[in-house]
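Here's the structure, in C-alpha cells; my notes come after.
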Amino acid sequence: MTPAHIESFFATLKAANPQPETELEFTNVFELLAAVLLSAQATDVSVNKASRALFAAAPTPAKMLALEVEGVERHIKTIGLYRTKARHLIETCRILVEQHGGQVPAQREALEALPGVGRKTANVVLNVAFGEPTMAVDTHIFRVSNRTGLAPGKNPLEVEQKLLRRVPEAYRVDAHHWLILHGRYVCQARLPRCAACQVRAWCDFEPKSAAV
DNA sequence: ATCCCGAGGG
DNA sequence: CCCTCTGGAT
C-alpha cells in the first residue's frame with residue numbers, strides 16, 4: 001500500500017466507526033490489565049463471560065490476591081490456558097500490591113516486568129488506559145497488516161515498527177482498534193469477507209476463491 | 001520451537 | 001473433525 005492508500009484505508013475505517021473501543025469489559029485500569037492478560041489466545045466473548053464474576057469478586061489487586069490461584073482458576077476455567085493465566089494473574093497482583101501501591105504502572109518496563117504481561121499486553125494498556133499511540137500487534141493485526149500490505153512483517157515486532165512508521169499520526173491512537181475490529185468481523189482468518197470489505201480498493205490481498 | 005488449553009465456528 | 005481466538009514463558 002502506498003501512503004495515499006493507507007490514508008484512504010484509515011479514513012474509510014474511521015468514517016465507519018468514528019470512536020472505536022475495546023470489546024473487553026472493564027471498569028478500572030486494573031481490570032483492563034487483567035482482561036487483556038486473560039485474552040491471550042481467547043475470544044473477548046469468552047473472557048467477558050468469565051471476567052464478570054471474577055471482577056465482581058475482585059475489582060482490585062488486593063482483593064484478587066486474596067482469592068489465591070485456586071479462587072481465580074474457579075472463575076476462569078472456561079478460558080483457554082486458564083492455569084497459567086491464574087498463576088500469572090496472582091503473581092501480578094502480588095507485585096502490584098507490594099511494589100506499585102496497588103496501582104497499575106504507566107511505564108512499559110514496569111508493565112512488562114509483570115508475569116503474563118508481554119509487549120502486546122503492555123501496548124494495549126498503554127494505549128487504552130494511558131492514551132499512548134502504541135501499536136499492539138495481536139493475531140488480528142498481524143494478519144491484517146500482512147494480508148493488506150499495510151505493514152508486512154515476519155514477526156509481531158517487525159509489523160509493529162512498520163505500523164508506527166506508516167500509520168498517519170492522526171489515526172495512530174485508534175488504529176489499534178480499527179485493525180482489530182476489521183480483522184475480527186471482515187478480514188477474518190478463515191473466510192475473509194472480501195466482498196463486503198469497505199477497504200478492498202486499497203488492499204493487496206487477492207482471495208483465491210473468487211469471492212470478489 | 002514448544003507448551004499451555006477451553007469454547008465456538010465451519 | 002480442524003481451525004481460531006486481542007500471547008507469554010521456557
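Here is how names work: the chains are called A, B, and so on, in the same order as the sequence lines, proteins then strands, and each is numbered from 1. Any value given below was found using the heavy atoms of this structure, including those in side chains, with hydrogens, waters and symmetry copies removed.
What separates CD of A:Glu73 from C1' of B:dC4 is a distance of 12 Å, to the nearest Å. Atom-to-atom, NZ of A:Lys120 to P of C:dT6 comes out at 9 Å; the value is rounded to the nearest Å. Look at NE2 on A:His182: it is 14 Å from P on C:dC5, rounded to the nearest Å. Here B:dC4 presents its C1' atom at 14 Å from CG of A:Leu38, a figure rounded to the nearest Å. Rounding to whole angstrom units, CG of residue A:Leu89 and P of B:dC4 are separated by 20 Å. Whole-Å rounding puts the A:Leu181 CG to C:dT6 P distance at 10 Å. Summarising the geometry, the separation between NE2 on A:His176 and C1' on C:dG7 is reported as 13 Å, rounded to the nearest angstrom.
Listed candidates were C:dG7, B:dG10, C:dT6. Nearest to the side chain of A:Thr121 is C:dG7. The side chain of A:His88 lies closest to C:dA9, out of C:dC5, C:dT6, C:dA9. Relative to the side chain of A:Thr84, the nucleotides C:dT6, C:dA9, B:dC4 differ in distance, and B:dC4 lies closest.
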Contact list (N/O, under 3.5 angstrom) for nucleotides 6-8 of chain B vs protein:
unit_1, atom_1, unit_2, atom_2, d
B:dG8, OP1, A:Lys49, NZ, 3.0

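Rounded to whole Å, the separation between the P atoms of B:dC4 and C:dT6 comes to 22 Å.
For residues 73-82 of chain A, the set of pairs meeting the salt bridge (charged side-chain N to carboxylate O under 4.0 Å, His left out) definition, not counting sequence neighbours, is empty.
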